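See structure below.
Small disclaimer: the values here were computed from a predicted structure and weren't measured. All values below were derived from every heavy atom in this structure, side-chain atoms included, with hydrogens, water molecules and symmetry-related copies excluded.
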Amino acid sequence: MADPLNTTMSIFDTSDQSSSGNFKVCVRVRPMNDREATSGCTSCIVTTPTEISVEQDEKQGARPPSSRVRPPSGAASSFVYDRVFSPSDNQEMVFETAVKPVVQSVLDGYNGSIIAYGQTGTGKTHTIEGELEGELRGIIPRAVNLVFDYIQDSATLTSKWLVRVSFLQIYNEKISDLLGSGDNLRIREGGAGQVYVEELTETVARNAHDVYRQLRVGKQRRTINSTRMNKASSRSHAVFTIIIEHSETTDAGTVVTVGKLHLVDLAGSERFEASTDSTHQRETQNINTSLSTFGKVVLALTAKTRKHVPYRDSKLTRILQDSLGGNCKTTLITTVSSSTDARLESLATLKFANKAKKVKNVAVKNEDKDETALLSHYQHEIKKLKEQLLAKAEQREVEEAPDLRPDIESELARQREVAEQIQKEKRALEQSLREMETKLLVGGTRIEETEEFQEAVAKEKQRLQAETAQTAQDREKLERERAEFEERRKQWEAEMARSFREKTMEKKARREQQQQQQQ
């Protein structure tokens with residue numbers, strides 16, 4: 001039977017601007033792994049593009065994991081979601097359907113979040129991170145490529161971009177900076193009620209490879225451990241954030257938008273009795289506690305009557321406050337195993353996801369009107385540095401104006417000292433300007449590679465060359481004047497010596513004449 005639903009169609013309806021249209025829930029079913037297959041487990045999951053059923057009777061036997069057949073009417077547990085990904089659906093389909101629209105919204109100045117939730121070992125990290133290259137690329141590398149491809153394609157001299165990334169983990173209720181040395185970081189709240197992590201490293205990225213390098217660093221630092229369900233299980237919640245600032249200058253002025261994308265890989269829940277040692281038990285207890293708070297937040301947000309939302313009860317929900325019921329476009333991807341061995345855990349996850357469908361977010365474009373964005377700060381700093389450079393050039397013209405004094409040697413030394421100091425200060429300002437401008441992107445290229453910048457550089461080089469030539473001419477003039485002064489001094493000394501000898505000889509002649517007269 002033909003599938004009536006286009007499986008690559010976006011789950012976000014661009015015409016739906018209601019709060020219910022900004023929070024989507026998907027389910028991704030992991031195929032059985034070798035451990036489950038060899039232990040005699042069978043598949044208990046049946047899916048369609050929007051519906052999933054968990055078979056209750058183990059005697060029914062296995063169904064093909066990729067089955068698109070509608071669940072039998074007698075199935076005890078069936079759920080409908082915005083999209084259900086079967087075990088045969090690949091990474092690209094997940095991204096194109098559930099993630100790409102969120103990334104595109106972030107590029108337009110909205111907040112976005114992709115949250116992977118589920119039992120340990122069900123493919124959350126594979127979905128969020130995956131590989132950095134090839135068909136197994138996860139959401140993060142695909143989102144990064146989309147961001148820089150979009151910037152590259154939107155080339156315009158009036159449009160500038162600034163991309164930053166951060167990476168943190170929450171392990172045993174302590175926040176660690178995976179890109180820096182910060183540990184046990186604190187959560188703060190800004191003046192506009194925005195939540196942020198104090199002293200968290202934010203690295204400027206100029207291209208996808210810059211982000212990949214940071215991602216590799218963070219992955220190596222993340223805490224993992226072996227569990228019954230997964231030999232390399234992530235034992236911490238990880239939040240990889242991409243901040244995209246964009247300025248567009250028109251005749252009406254400059255508008256800066258700031259979009260923030262959270263890509264969240266939650267640690268998997270697990271039975272406490274499955275923990276093998278005290279360290280593992282503590283990890284499990286903290287993970288389950290924070291996930292329980294995550295669930296309480298969702299329950300509070302979906303309650304029929306207004307209830308207190310316990311965001312502050314865990315650091316995870318505090319950081320994700322905007323993602324859950326706030327200013328954000330969010331996709332919750334719940335992952336489950338298709339194996340009968342994980343039937344109870346899969347049912348619990350699906351029931352939670354079914355409840356989360358009622359969460360409502362109100363997404364608003366973040367326009368920087370009070371110049372608080374870092375991009376605005378950079379642009380103002382660049383303008384300030386250029387003004388300082390111009391002032392230094394004017395200062396040099398004044399300082400190098402010839403004002404010859406009787407002592408030409410002293411004047412020459414002073415002129416050299418002033419010129420060297422001004423050149424030193426100009427070089428420092430030019431270096432600061434280059435460092436500031438290299439953080440900005442213009443149409444996806446380095447700002448110093450644009451035609452506008454190259455023309456400005458050429459003009460600046462011509463001006464500097466003219467200044468250098470003028471300086472050389474002034475120096476040659478001073479040298480000539482010094483040489484003329486030296487020549488005059490030597491002539492004066494020779495004249496004085498000759499005059500002294502003549503006077504001495506005249507005095508001697510007069511004395512001799514007087515002596516002869518006396519005799």
Checklist line | Distance-only donor-acceptor check, side chains T293 and S290, under 3.5 Å | finding: no
Item checked: Side-chain heavy atoms of F85 within contact of T97, under 4.5 Å -> yes
Item checked: Distance-only side-chain donor-acceptor flag, D265 / T125, under 3.5 Å -> yes
Check: Between the main-chain N or O of V195 and the side-chain N or O of R188, is there a donor-acceptor pair closer than 3.5 Å?
Finding: no
Next item on the list: Mind telling me whether W161 and H246 have parallel, tilted or perpendicular rings, with 30° and 60° as the class edges?
Entry: parallel
Notebook entry, point to check: Is NZ or CZ of K100 both nearer than 6.0 Å to the six-membered ring centre of F95 and within 45° of the ring axis?
Noted result: no
Check: Okay, side chain of N361, backbone of A363: is any donor-acceptor separation there less than 3.5 Å?
Finding: no
Margin query: Heavy-atom count check: over 12 atoms from other residues, nucleotides or ligands less than 6.0 Å from E133 CD?
Written below: no
Next item on the list: Could you tell me whether the side chains of T330 and S323 share a donor-acceptor contact shorter than 3.5 Å?
Entry: no
Notebook entry, point to check: Is the closest side-chain heavy-atom distance between I115 and T331 below 4.5 Å?
Noted result: no
Check: Is the number of heavy atoms from other residues, nucleotides or ligands under 6.0 Å of K351 NZ greater than 12?
Finding: no
Item checked: Exercise: do N366 and N111 side chains pair donor with acceptor under 3.5 Å -> yes
Checklist line | NZ or CZ of K124 within 45° of Y117 ring axis and under 6.0 Å | finding: no
Notebook entry, point to check: Going by distance alone, is a donor N or O of one side chain under 3.5 Å from an acceptor N or O of the other, for N286 and N172?
Noted result: yes
Item checked: Side-chain (D82) to main-chain (C26) donor-acceptor, under 3.5 angstrom -> no
Checklist line | Check against side-chain contact (heavy atoms from CB on, under 4.5 Å), L168 and D177 | finding: CA-CA 5 Å; L168 65 82; D177 187 349; 5.8 Å; no
Note to self: Among V99, T241, V102, which residue satisfies the side chain to side chain contact (heavy atoms under 4.5 Å, CB included) criterion with L261?
What the structure shows: V102
Note to self: Between T254 and E248, is the side-chain contact (heavy atoms from CB on, under 4.5 Å) condition met? List the steps.
What the structure shows: CA-CA 6 Å; T254 300; E248 186 71 34; over 6 Å; no
Margin query: Closer than 3.5 angstrom, by distance alone: can the side chain of K357 be matched with the main-chain N or O of F23 as a donor-acceptor pair?
Written below: no
Note to self: Just by distance, no angles: are the side chains of S339 and S337 close enough, under 3.5 Å, to form a donor-acceptor pair?
What the structure shows: no
Margin query: So, applying side-chain hydrogen bond (donor to acceptor under 3.5 Å, both in side chains) with R30, which one of E36, Q119, H126 is it?
Written below: E36
Note to self: Could you tell me if the side chain of T158 sits less than 4.5 Å from the side chain of T250, heavy atoms only?
What the structure shows: no
Check: So, does T122 use its side chain to make a donor-acceptor pair with the main chain of G118 at under 3.5 Å?
Finding: no
Item checked: R137/E131 salt bridge by N-O under 4.0 Å criterion -> no
Notebook entry, point to check: Between the main-chain N or O of L350 and the side-chain N or O of Y81, is there a donor-acceptor pair closer than 3.5 Å?
Noted result: yes
Checklist line | Check: H237 side chain, A267 main-chain N or O, donor-acceptor pair, under 3.5 Å | finding: yes
Checklist line | Passing option when I114 is tested against V264, I128, L332 for side chain to side chain contact (heavy atoms under 4.5 Å, CB included) | finding: I128
Next item on the list: Answer with yes or no whether the side chains of Y171 and E283 bring together a donor and an acceptor at under 3.5 Å.
Entry: yes
Notebook entry, point to check: Is it the case that S176 and R221 place a side-chain donor and acceptor less than 3.5 Å from each other?
Noted result: no
Check: Are there more than 12 heavy atoms of other residues, nucleotides or ligands under 6.0 Å from atom CG of D34?
Finding: no
Note to self: Quiz question: by atom type and distance under 3.5 Å, do the side chains of R222 and S236 form a donor-acceptor pair?
What the structure shows: yes
Notebook entry, point to check: When you check the side-chain N and O atoms of R28 and T127, is any donor under 3.5 Å from an acceptor?
Noted result: yes
Notebook entry, point to check: Going through the checks in order, is the side-chain contact (heavy atoms from CB on, under 4.5 Å) test met by T289 and Q285?
Noted result: CA-CA 6 Å; T289 299; Q285 182 177 2; 4.3 Å; yes
Next item on the list: Check whether the side chains of R318 and Q321 place a donor and an acceptor atom closer than 3.5 Å, and report yes or no.
Entry: yes
Next item on the list: Before accepting this row, confirm whether a basic side-chain N of the pair D313/K296 lies closer than 4.0 Å to the acidic partner's carboxylate O.
Entry: no
Check: Under the side-chain contact (heavy atoms from CB on, under 4.5 Å) criterion, do I242 and I244 qualify, and how do the steps go?
Finding: CA-CA 6 Å; I242 305 174; I244 305 169; 3.9 Å; yes
